[in-house]
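Quick note on labels: first sequence line is chain A, next is B, and so on, each numbered from 1. These numbers come from a predicted model, not from an experiment.
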There are 2 protein chains.
Amino acid sequence: MKLSSQAQAFVLHFGEMGNRWGFNRTVGQMFALLTIHPSPLNAEQLAQALKISRGNVSMGLKELQAWRLIELQHQPGDRKDYFTAAGSIWELARTVFEERRKRELDPTLSLLRQLLLNEPQDEQEVQAQEKIQEVYSLLELLEEFANTLSKLDHDDLLRLMKLGSGIVKLLELKSKMTGGKTSE
Amino acid sequence: MKLSSQAQAFVLHFGEMGNRWGFNRTVGQMFALLTIHPSPLNAEQLAQALKISRGNVSMGLKELQAWRLIELQHQPGDRKDYFTAAGSIWELARTVFEERRKRELDPTLSLLRQLLLNEPQDEQEVQAQEKIQEVYSLLELLEEFANTLSKLDHDDLLRLMKLGSGIVKLLELKSKMTGGKTSE
DNA sequence: CTTAACTTTCAGAAATTTCTGAAAATTGTA
DNA sequence: TACAATTTTCAGAAATTTCTGAAAGTTAAG
């Protein structure tokens with residue numbers, strides 16, 4: 001378990017970006033290491049490579065499994081649990097995307113839905129309600145769009161992402177064919 | 001500065017989601033309050049409404065300005081600084097999207113670009129390099145796609161997001177016209 | 001059943017982040 | 001310029017998150 005300086009830098013960086021991506025430093029490092037390492041690793045190896053405690057590794061693995069980002073494997077004749085990244089880079093990215101959608105969007109949608117059930121009691125509340133409705137509509141649309149993207153197969157997703165400004169032309173094309181704008 | 005229970009719940013929730021969206025509790029609360037409140041608020045009012053210190057408000061306002069999510073206004077005959085959310089809900093969402101792209105993608109792209117400049121020294125490093133290249137390509141594509149989306153005007157964005165599974169048909173349509181798949 | 005290999009748990013320690021409030025800095029007005 | 005109103009800063013306090021490591025739990029093999 002000797003890391004090249006390349007791998008080292010990669011792992012440390014993902015540790016630092018961890019916060020922003022939704023997990024903590026060591027979880028980020030563990031994920032990066034399992035992603036970049038060619039073969040599965042066990043808890044002991046992770047602890048040693050990252051210089052963190054065995055307990056911390058155990059907790060981190062649990063979290064990465066909750067994110068569905070790693071999977072357990074067994075080596076024949078070895079009782080230890082070995083882990084690897086759950087799939088290709090693209091699959092991992094998809095999973096992160098989906099999990100983040102769940103964690104960042106769903107709780108808010110659920111609360112706002114709740115709030116919109118109440119009857120506003122005065123002018124103040126009517127105005128607040130309107131704002132809440134706007135936020136809700138936007139987030140709901142975003143959620144649906146995210147779902148749509150999640151369901152695209154790899155080729156379609158790739159094509160879509162590569163469209164660039166061609167996307168506008170395509171939208172106009174569609175517009176002409178069906179003869180309508182969504183905002184009308 | 002009396003908050004309806006609606007507004008209260010909205011503000012508290014955005015405080016709690018704050019972490020996940022890239023800022024801390026009180027910054028999240030301040031942003032929510034400035035978004036839902038019909039008129040601009042000054043620092044004193046924010047401190048009072050959220051029961052936080054004046055200094056904390058000052059720091060929070062600074063951060064929200066760095067995010068370009070609020071803007072300063074002045075009331076005639078009043079020396080205090082008043083703040084409101086910087087634009088409509090849609091504009092705010094766009095801004096959050098762009099700022100997050102900057103914070104979550106750009107540093108990583110920059111590091112990976114750096115790592116890819118090094119000549120791999122052995123087989124291990126060649127393999128690592130390949131993985132890094134994969135991650136880089138994906139993130140770069142994501143960044144470009146995010147840029148494309150950012151540049152779409154409101155109507156186009158709305159149309160795109162509402163396409164749902166229609167998006168596949170549109171992609172196929174394009175495919176037929178130009179006669180190619182991106183993956184070939 | 002027993003044991004040894006391994007994993008998980010969790011109380012408290014350490015590290016990090018956030019918050020307070022008093023002092024310093026800034027700014028508009030006279 | 002002087003001053004009062006307002007905002008900013010920042011050292012230390014408080015709150016929160018993360019981490020450790022020893023103990024408890026689990027599991028496969030004999």
Side-chain angles (χ1 to χ4, degrees), chain A residues 1 11-34 40-67 70-84 103-104, chain B residues 1 11-34 40-67 70-84 103-104:
Chain A
M1 274 311 308
V11 165
L12 291 181
H13 178 81
F14 274 79
E16 264 150 47
M17 294 302 280
N19 303 318
R20 307 203 176 161
W21 283 87
F23 22 72
N24 69 35
R25 178 160 62 249
T26 47
V27 170
Q29 291 178 353
M30 289 171 57
F31 178 49
L33 182 48
L34 291 174
L41 296 174
N42 65 42
E44 198 51 46
Q45 294 173 308
L46 287 166
Q48 215 190 306
L50 304 176
K51 299 193 184 19
I52 59 179
S53 75
R54 189 60 194 64
N56 198 359
V57 170
S58 178
M59 292 188 296
L61 289 170
K62 225 172 111 188
E63 182 160 2
L64 286 171
Q65 282 176 300
W67 277 77
I70 60 174
E71 52 195 33
L72 174 59
Q73 294 192 332
H74 280 114
Q75 315 259 308
D78 188 341
R79 277 174 62 182
K80 294 190 199 73
D81 293 346
Y82 284 77
F83 295 89
T84 12
R103 287 153 209 248
E104 297 178 7
Chain B
M1 271 312 307
V11 165
L12 290 181
H13 178 82
F14 274 78
E16 265 149 44
M17 295 301 282
N19 302 318
R20 307 203 176 160
W21 283 87
F23 22 73
N24 69 35
R25 180 160 58 249
T26 46
V27 171
Q29 290 178 353
M30 288 171 60
F31 178 49
L33 182 48
L34 291 174
L41 296 173
N42 65 41
E44 198 51 45
Q45 294 173 307
L46 286 167
Q48 214 190 307
L50 303 176
K51 301 193 181 24
I52 59 179
S53 75
R54 191 60 195 66
N56 198 359
V57 170
S58 178
M59 292 187 296
L61 289 171
K62 226 172 109 190
E63 182 161 2
L64 286 171
Q65 282 176 300
W67 277 76
I70 60 174
E71 53 196 29
L72 174 59
Q73 294 192 331
H74 280 114
Q75 315 258 307
D78 188 341
R79 278 173 60 181
K80 296 190 197 72
D81 292 345
Y82 284 77
F83 295 88
T84 13
R103 287 155 208 246
E104 297 180 6

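- Of all non-hydrogen atoms in Gly15(A) and Gln29(A), the two that sit nearest each other are CA-CG, 3.6 Å.
- Within residues 23-34 of chain B, the residues approaching DNA chain D are Arg25(B), by heavy-atom distance under 4.0 Å.
- Atom CE of Met30(B) and atom CG of Leu64(B) lie 5.5 Å apart (nearest 0.5 Å).
- Annotation: ring-ring contact (aromatic ring centres under 6.0 Å, His included) contacts of Phe14(A) (sequence neighbours excluded): Phe10(A).
- Heavy-atom neighbours of Gln48(B) CD from other residues, nucleotides or ligands within 6.0 Å: at or below the threshold of 12.
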Before you tell me yes or no, could you show the steps for Ser58(A) and Lys62(A) under side-chain contact (heavy atoms from CB on, under 4.5 Å), namely the whole-Å CA-CA distance, both residues' side-chain angles and the distance that decides it to 0.1 Å? CA-CA 6 Å; Ser58(A) 178; Lys62(A) 225 172 111 188; 5.8 Å; no
What's the verdict on side-chain contact (heavy atoms from CB on, under 4.5 Å) for Asp81(A) and Asn42(A), showing C-alpha distance, side-chain angles and the deciding distance? CA-CA 6 Å; Asp81(A) 293 346; Asn42(A) 65 42; over 6 Å; no
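- For the pair Tyr82(A) and Met59(B), nearest-nucleotide mapping onto DNA chain C gives the more 5' position to Tyr82(A).
- Proximity of Ile52(B) to Leu46(B): side-chain heavy atoms (C-beta onward) are nowhere separated by under 4.5 Å.
- Contacts between residues 72-81 of chain A and DNA chain C, defined by a heavy-atom separation below 4.0 Å, involve Asp78(A), Arg79(A), Lys80(A), Asp81(A), listed by number.
- If you take OH on Tyr82(B) and CD on Gln73(B), they are separated by 11.0 Å, rounding to the nearest 0.5 Å.
- Atom pair Ile70(A):CD1 and dT7(C):P shows a separation of 12 Å (rounding to whole Å applied).
- For DNA chain D, the span of nucleotides reached by chain A at under 4.0 Å from its heavy atoms goes, 5' to 3', from dT18(D) to dA28(D).
- Using a 4.0 Å cut-off on heavy atoms, the residues of residues 44-56 of chain A that approach DNA chain C are Arg54(A), Gly55(A), listed by number.
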Between Leu61(A) and Ile70(A), does a side-chain contact (heavy atoms from CB on, under 4.5 Å) hold up when you go through it step by step? CA-CA 8 Å; Leu61(A) 289 170; Ile70(A) 60 174; 3.6 Å; yes
Donor-acceptor pairs under 3.5 Å, side chain of residues 16-24 of chain A to any protein atom, not counting sequence neighbours: which ones?
{"residue": "Arg20(A)", "atom": "NH1", "partner": "Arg103(B)", "partner atom": "O", "Å": "3.0"}
{"residue": "Trp21(A)", "atom": "NE1", "partner": "Glu104(B)", "partner atom": "O", "Å": "3.3"}
{"residue": "Asn24(A)", "atom": "OD1", "partner": "Thr26(A)", "partner atom": "N", "Å": "3.2"}
{"residue": "Asn24(A)", "atom": "OD1", "partner": "Thr26(A)", "partner atom": "OG1", "Å": "3.3"}
{"residue": "Asn24(A)", "atom": "OD1", "partner": "Val27(A)", "partner atom": "N", "Å": "3.0"}

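- Scanning all heavy atoms of the two residues, the minimum distance from His74(A) to Lys80(A) falls at CD2-O, 3.3 Å.
- Applying side-chain contact (heavy atoms from CB on, under 4.5 Å) to Leu50(A) and the options Asn56(A), Leu33(A), Val57(A) leaves one that passes, Leu33(A).
- Between Leu41(B) and Phe83(B) the shortest side-chain heavy-atom distance does not fall below 4.5 Å.
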